[in-house]
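Note on naming: letters A, B, ... go to the chains in the order of the sequence lines (proteins, then strands), and numbering restarts at 1 for each one.
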Amino acid sequence: MSERGKVMSIKETRRGGAQQKLWAFASLIVLVAGFSLASPNFFQVSNIMAILQATSVNGVLAVGVTLIIITGGIDLSIGTLMTFCAVMTGVVLTWAGMPLLLGVLTSIATGALCGLISGTFVAKMKIPPFIATLGMMLMLKGLSLIVTGTKPIYFNDTPGFSEIAQGSLIGRIVPAFPVPNGVLILFIVSAAVAWILGRTVLGRYTFALGSNEEAVRLSGVNTDAWKMAIYALAGGICGIAGLLIASRLNSAQPALGLGYELEAIAAVVIGGTSLAGGRGTILGTLIGALIMSVLTNGLRVMSVAPEWQTVVTGAIIVAAVYADQLRRGRAG
Amino acid sequence: MSELVRMQSVDKRFPGVHALKAVDFDLRPGEVHALMGENGAGKSTLMKCLSGVYQPDGGRILIDGAEVALPTPKAAKDLGIGIIHQELALMRDLTVAQNIWIGREPRLSFGRIDEARQNADAAAIFQAMNVAMDPRAPVSGLTIARQQMVEIAKALSYRSRVLIMDEPTAALNDSEIAELFTIIRKLRAEGVGIIYISHKMDEIRQISDRVTVMRDGAYVGTVEAADTPISAIISMMVGRELSDEAVRIPDLSGAETALEVRALSRGRELKEISFSLKKGEILGFAGLMGAGRTELARAIFGAEPPERGEIRVHGKPVTIRTPSDAVRAGIGYLSEDRKHYGLALGMDVRANIALASLPRYADRLGRIDEPQLAGIARDYIARLSIRTPDDRQEVRLLSGGNQQKVVIAKWLLRDCDILIFDEPTRGIDVGAKAEIYRLLNDLAAAGKAIIVISSELPEVVRLSHRIAVMCEGRLTGILPGGASQEQIMALATAREGMTVE
Amino acid sequence: MFTRRTLFGAVAALALIGPGSGAFAQDKMLVPLISKGFQHQFWQAVKAGADKAGAELGVTVTFEGPDNETQVDKQMDMLAAALANKPVAIGFAALDSQAAIPLLRQAQEAKIPVIAFDSGVDSDIPVALASTDNVAAAALAADKMAELIGDAGKVAVVAHDQTSRTGVDRRDGFVNRMKEAHSGIEVVAIEYGGGDHLKSTEITKALLAAHPDLKGIFGTNEGSAIGVVNGVRELGSKGITIVGYDSGKAQTDAIREGLMAGAITQNPVGIGYETVKAAVAAAKGEAVSANIDTGFYWYDKSNIDAPEIAAVLYE
């Protein structure tokens, strides 16, 4: 191909990247418009808030796992890690009676520490991420049950804890727009992670690891350390998800968590992040998570039979990824 | 003599590119017709038109004098046109015979595969090729050269009368090339027409009957190989004369020693290797495939750390266990396989140049100073004349020579003053090669210490101030610059017990 | 074979760390209970009752169940492992009664009596069933709901499962009672949240969006009921009558606060106790009555602290 040809194709790929996000966003708009037409009860402020709120936990998990998927890895432990973080928060707040801030820090630190352990399995011990985090998923699930003695821990003694996800700082300033804090936190976490990915060394290495890990290592970069840092960051984000779910349920439910990882991964994939690594955006993941919750909420509001809701959700995941493949095939 | 293939004013456009401009080409039975041109000249596009991958926008393709349509690769195969791609397309975990008959397996009842017949048929093809090959051997255990034999057998299994070979010798050593040429000559004697794409001039002289040169998508001319000097072919390719300058060896007697390696050993691959390298010097490493040159480079760089031995940089001993240790000591390694080990292909030029030096351009929060990096990237693009529309171009879209320059820029930015180039011009076309040579000389003149590993003897001779030769994991001798290829070959085949001082 | 391997691993680990491995000795009768769950408070209460009976009758009782109520396959593995230990009798709460029949037949051939608990098995192999009459209990929930909303209007059900016996019985018991006895009430939606608190919360919010004139919601187990309470609380909806099932601290708190009107409680301790008692009797060849009703109660703010209610509620 001549130089001119190359110039053309790069412009096309760049446009392709923007187009992809545009497409995902367009599908979201189409879904919202479709449901709004189908049911007058869908496009109501309270229902939209409910959808946003329903996105918060899955969205934060998805943002965290996006980092790991961009490196070419996978993390199956995010769901049970979220639960474990919630449980440790309960231990600190309810059992030990520590102040709220300490509980928040505990959750994030627990997540980061567990992420670091997963990262060590993957980077230092060279266990494939799927297996390493599968093991972590089971260990954390068991630990949650052991620590709690299978009983939920309630946060009744910590006033203000439920405000973390359920209160609305924005609503206090703009009463007509009572965006729950959980949603606010989701957006803040997304913005922060998008910034890290786009502007920092950690972010650059995240993409580079997914693009060609060996080339990065042979550039003299300590890939093991960076990989561990990325898993730890993702773990810390799971800790935030743990706070959100604990705050919404006002309790740490040790039995929850399994299955949440797959929903988060689905959101990431719908958002156009490649499971092969090297490619992905937080905005895409956010849109993917919103598509998931709009879909489940919309189908329920339309009173579609529950069995069919599941079928439709599965079909949409496959269709979204297929559409992405088509677009990519055309761009390349 | 009748014609096997005739392509008449074949035209092909892609959006924004006129890839083929009324190209003519013909092939006779029983000839080897070399197709030459720099990367991007349109050779591959032309061959894709002939093998049914692309549809030409204009012109005609005639087989045995009759015009044909080649709407699919299968249609081309059915007409007896076989193609062997540069990057081999074999399934590593299947056997030789399974690879050859994939998609056309002889069947028994109930969909069972007739493995016995499959193996026997494959054996027959290898026998006709005069190659000893076990059809039941898994492909993953074969060398690249042997895998190529499998590709050829696969193409022949379609009863190909036209065989297109795209850079078949890129990964082969001399004895393997000789074996390949024997097969090509045998096929030629049987009347198969062979289209041979290569950058290696000496091969063209050895094997081909006629040479067609393309440049910028256009047909330049066809000449008889036997009575055309190489310099004439090169000038047809690049559109200008290339002077074959001899190496100028600088006086380095006063130069400081940059790198000293003492008794470096690892297993059977590296045995007690010692040498030193001065600032401003280019030390060439010659040897046959498997002599241990790449292993030596990777050992010095810490990619696979040595078991014993000492490495001194600027007189001080250093411990190198990982590539990051080596980089900290100022050693950069440019792998022979840029795509796998040198570049993050999906990332842009700027990010690749900065890959080894990122923390230096970030603040305490880890925030990258993009404007500064952009300036640096543009500076290197200008200094090394990297041909790219801008610094945000994805590296995978650059040509091989320009990719190589991006890797060089990466190490220069990291202040590495000892650079190890492993096959620096592999897969790079002639014009760009000269440019890389000039760049290496400039770097040496600027005081960098350079090691060049190359399997092309003329390249080693042309570049090196001194030539180190390896054989079977040992350093068999160090020759002064300008040594003859015969001297190098003598050392490269000097087996244990006959080390030359 | 992943489940098998985890199971073996778990058994091996238990054998190593279990202080009571001596208790598996032959001198005591072994009665394993394979339950539908393990982590929910309800099952912990059943276990407490079973342990109590075990201590009184001098038999070794083991208790296990899968992580959630969809893991029929894991429950089968557990049942198979329990049979392999040569117990004198088995207590079994089937997630899917059809799936269990081959294993139950094995038990029958090995002359190991099976006591079904919590929910029945569509088979004549179990010699007795110790359970709450879920249909009748859900019908009582329907009557209470009707009474609270004035016998007219729209209600919805957030159920925990669409295939298990308890899920089906409670849903049908509630819906059919409404049809038969309360024609002014329409059940407009039935959704399934798998007993997951958060999923049930989202379902409730979607239901309230879809049906703004909804007057009441019935949550068919602990997780579903808590999810309904959460959803209503998050939306801040007023005038929704919530009827729950089972107990647990979150539910009892909601009742005390007045957010939940009331709930049906089973007698989980009784279920566990009666199951082990019947198992031991059957093992000794004594006669056992085929249906052991372990009872259920309606509780609300007014009687939540009454001794007979407090005794069957769990935290």
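Taking OG of Ser162(A) as the reference point, atom CG of Asn230(C) lies at 10.0 Å (rounded to 0.5 Å).
Of the atoms belonging to Tyr260(A), it is side-chain heavy atoms, and not backbone ones, that fall under 4.5 Å from chain C. Residue Leu258(A) touches chain C through its side chain alone, counting heavy-atom pairs closer than 4.5 Å. Proximity to chain A (any heavy atom under 4.5 Å) is restricted, for Leu235(C), to the side chain, taken from C-beta onward. No part of Leu208(C) comes within reach of chain A, as not one of its non-hydrogen atoms sits under 4.5 angstrom from that chain. Neither the backbone nor the side chain of Asn250(A) has a heavy atom closer than 4.5 Å to any heavy atom of chain C. Contacts of Val304(A) with chain C are made by backbone atoms alone, with heavy-atom separations under 4.5 Å and no side-chain atom involved. Using a 4.5 Å cut-off between heavy atoms, Thr201(C) touches chain A through its side chain atoms alone. In this structure, chain C has heavy atoms under 4.5 Å from both the backbone and the side chain of Ser46(A). Contacts between Leu256(A) and chain C at a heavy-atom distance below 4.5 Å involve the side chain alone, from C-beta outward. The contact between Gln44(C) and chain A is made entirely by side chain atoms (from C-beta outward), counting heavy-atom distances below 4.5 Å. Both the backbone and the side chain of Pro152(A) come within contact range of chain C, judged by heavy atoms closer than 4.5 Å.
Across Asn297(A) and Ala206(C), no two heavy atoms sit closer than the pair ND2-CB, 3.8 Å. Residue Lys205(C) comes nearest to Gln53(A) through the heavy atom pair NZ-CG, 3.4 Å, listed as atom of the first residue, atom of the second, then distance. Nearest approach of Val301(A) to Ala210(C), heavy atoms of both residues: O-CB, 3.3 Å. The two residues Leu249(A) and Leu198(C) make their nearest non-hydrogen contact at CD2-N, 4.2 Å. Residues Pro306(A) and Tyr192(C) come closest through the heavy atom pair CG-CD1, 3.5 Å.
Contact check for Ser293(A) versus Glu202(C): no side-chain heavy atoms found under the 4.5 Å cut-off. The side-chain heavy atoms of Lys151(A) and Lys249(C), taken from C-beta on, include no pair separated by under 4.5 Å.
Ranked by non-hydrogen atom pairs under 4.5 Å with chain C, the options Gln44(A), Gln309(A), Met49(A) are led by Gln309(A). Interface check for chain A: of the options Ile190(C), Leu207(C), Asp253(C), Ile203(C), the most heavy-atom pairs under 4.5 Å are formed by Ile203(C). Ranked by heavy-atom pairs shorter than 4.5 Å toward chain C, the options Arg248(A), Gln253(A), Gln166(A), Lys141(A) are led by Arg248(A).
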